[in-house]
Amino acid sequence: MPWDAGRIRAIRTRLLDFYDEGRRDLPWRESLDPYRIWVSEVMLQQTRVDTVVPYYRRWMERFPTVEVLAEASSEEVLRLWQGLGYYSRARNLHNAARVVVEAWDGVVPNTVEALRQLPGVGEYTAGAVASIAFGAPVPAVDGNVRRVLARLADDPDPTPARLRRWAGALVDPERPGDFNQGLMELGALVCTPRAPGCARCPLEAECRARREGTQELRPLPRRRGRVRRAVAVSLVLHRGTGAETEVLLERRPDDGLLGGMWSTPTRELSPEAGNGVREGAESDRTKVDEASPVLETLRGLLRTTMEDAGLPFHSMPGRKMGAAKGADSLPPVDHAFTHLRVRYLPFRIPLVREDGDPDGSPDPSPDTSFRWVPLVARGGVPLPVAQESILASLESEIGEGAEGGPVP
DNA sequence: TAAGCGTGGTT
DNA sequence: TAACCAAGCTT
């Protein structure tokens with residue numbers, strides 16, 4: 001343990017003073033309601049405070065209690081999370097709310113061990129909720145705390161177990177929630193990853209890295225894996241005209257990338273084909289000649305989509321299986337995930353309903369994951385950012401030539 | 001233990 | 001443009 005009892009007392013006092021004077025006014029600091037603290041901690045996982053604030057306000061307006069959240073549909077829950085990323089957080093929070101209502105009679109459990117059992121609640125979140133909402137003298141080690149402690153102890157790469165031990169010894173038993181938030185606040189505002197403000201740090205006198213001049217080298221950056229690159233074809237089937245336009249969307253499986261979110265049917269190119277496309281791609285539209293792997297992928301995607309959604313090919317008069325060649329490309333959309341960079345190549349195909357043909361473009365049967373959704377309102381379904389972008393370009397394309405022409 | 005999982009801001 | 005980062009969790 002790098003600090004004796006006297007040092008620990010000094011750290012507690014100075015940190016709590018710092019927090020009392022400099023704490024930011026944030027919406028989740030307006031009450032100690034465990035549910036509200038819990039939601040904020042989940043939203044803040046790997047996400048900036050400024051980004052979270054508006055989401056948090058909307059969430060609390062719609063889901064003010066754990067009971068209200070538990071009764072909501074997963075569709076609406078994801079819709080309110082749309083744009084925040086890491087969507088498993090929303091699914092886990094929703095499921096955890098149901099657990100709290102059913103197994104805990106609607107009362108959020110007050111121990112680290114019990115909180116830890118809830119889906120989406122790990123060691124950090126359990127400690128944060130237990131200390132902030134319930135006053136439990138337990139540590140809460142996030143990225144900020146890791147950085148602050150690594151510098152205080154001048155340890156290049158402290159293990160999680162060591163960090164928990166240190167934080168547990170330091171936490172103020174009288175005000176554990178404020179102490180833990182103070183540690184995080186210090187990391188966020190003063191003890192920053194680059195150019196830390198040591199001159200205004202309340203713990204400067206206790207900081208070994210500062211004394212050694214190594215503060216900017218602590219802690220060691222986490223090495224990250226390679227970012228995979230991919231090219232994918234997206235099929236934008238639409239029917240109707242103008243404000244009545246609808247697009248065919250598919251709900252993605254609950255596990256994996258963008259789980260539970262809705263999307264135009266999309267298929268990745270093989271890695272080799274994807275590389276070829278990226279090398280040749282310059283224009284803002286995708287050219288598809290007969291031998292193009294893009295066209296092959298689009299053909300396969302079109303066929304399986306029509307089959308799976310139960311749409312008859314005669315809803316594309318004169319085109320049938322040749323419909324893919326008649327597809328119009330929309331502008332490519334480049335999107336970067338944490339571990340994946342995708343170039344989406346969207347193609348649109350209008351499905352027409354001939355007079356007297358009631359099966360022109362029927363609704364998919366309810367047991368499929370497909371649905372026709374109004375383009376303008378997006379049907380209220382949750383969409384990933386890249387899909388919003390694809391649908392926006394369809395809107396602007398359809399808007400031209402419709403009433404009034406393009407918007408100035 | 002390491003990889004998978006989003007997005008937007010900053011450098 | 002690319003790399004890096006931000007109140008982590010799950011498998």
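Keep in mind it's a predicted model, so treat the numbers as computed, not measured.
Checked for salt-bridge contact, A:Glu395 and A:Arg378 meet the test: a charged N lies under 4.0 Å from a carboxylate O.
Looking at heavy-atom distances under 4.0 Å, A:Arg252 makes no contact with the nucleic acid at all. Residue-level contact check: A:Leu84 touches the bases, meaning some heavy atom is under 4.0 Å from a base atom. Within 4.0 Å of A:Trp81, counting heavy atoms only, lies no atom of the nucleic acid at all. Residue A:Ser40 is out of contact with every strand shown, counting any heavy-atom pair closer than 4.0 Å. Residue A:Gln181 is classed as having no contact, given no heavy-atom separation below 4.0 Å to the nucleic acid. Residue A:Ala336 is in base contact, counting any heavy-atom pair closer than 4.0 Å across all strands shown. Residue contacts shown for A:Arg228 are absent, as no nucleic acid heavy atom lies under 4.0 Å away. Nucleic acid contact for A:Ile37: none, since no nucleic acid atom lies under 4.0 Å from a heavy atom of the residue. Backbone-only engagement by A:Gly83 is indicated by non-hydrogen atom pairs under 4.0 Å involving sugar-phosphate atoms exclusively.
Ring geometry for A:His339 versus A:Phe337: interplanar angle of 30 to 60°, hence tilted.
Between the side chains of A:Arg29 and A:Gln181, at least one donor-acceptor pair of N or O atoms lies under 3.5 Å. Residues A:Asn92 and A:Arg89 bring no donor and acceptor atom of their side chains to less than 3.5 Å of each other.
Nucleotide B:dG6 holds its P atom 13 Å from the CD atom of A:Gln387, rounded to whole Å. If you take CD of A:Glu388 and P of B:dT7, they are 11 Å apart, rounded to a whole angstrom. Protein atom CG of A:Leu258 is 15 Å distant from nucleotide atom P of B:dG4, rounded to whole Å.
Between A:Arg194 and A:Pro119, the residue whose closest nucleotide on DNA chain C is further toward the 5' end is A:Arg194.
An OP1 or OP2 oxygen of B:dT7 is reached within less than 4.0 angstrom by a side-chain nitrogen or oxygen of A:His335. Close to B:dC5, at under 4.0 Å from its OP1 or OP2, lies a side-chain N or O of A:His339.
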List the steps, then state whether side-chain contact (heavy atoms from CB on, under 4.5 Å) holds for A:Leu183 with A:Asn144.
CA-CA 7 Å; A:Leu183 225 39; A:Asn144 287 307; over 6 Å; no
Given side-chain contact (heavy atoms from CB on, under 4.5 Å), test A:Trp372 with A:Leu351 step by step and report yes or no.
CA-CA 12 Å; A:Trp372 286 106; A:Leu351 294 194; 3.9 Å; yes
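Screening residues 36-45 of chain A for side chain to side chain donor-acceptor pair (under 3.5 Å) gives A:Glu41-A:Tyr124, A:Gln45-A:Thr125 as the qualifying pairs, with residues at least two apart or on separate chains.
A donor and an acceptor atom sit less than 3.5 Å apart, one in the side chain of A:Thr47 and one in the base of B:dG6.
Where DNA chain C meets chain A (any atom under 4.0 Å from a heavy atom), the bounding nucleotides read 5' to 3' are C:dA2 to C:dT10.
Going from the P atom of B:dC5 to that of C:dA7 covers 23 Å, rounded to whole Å.
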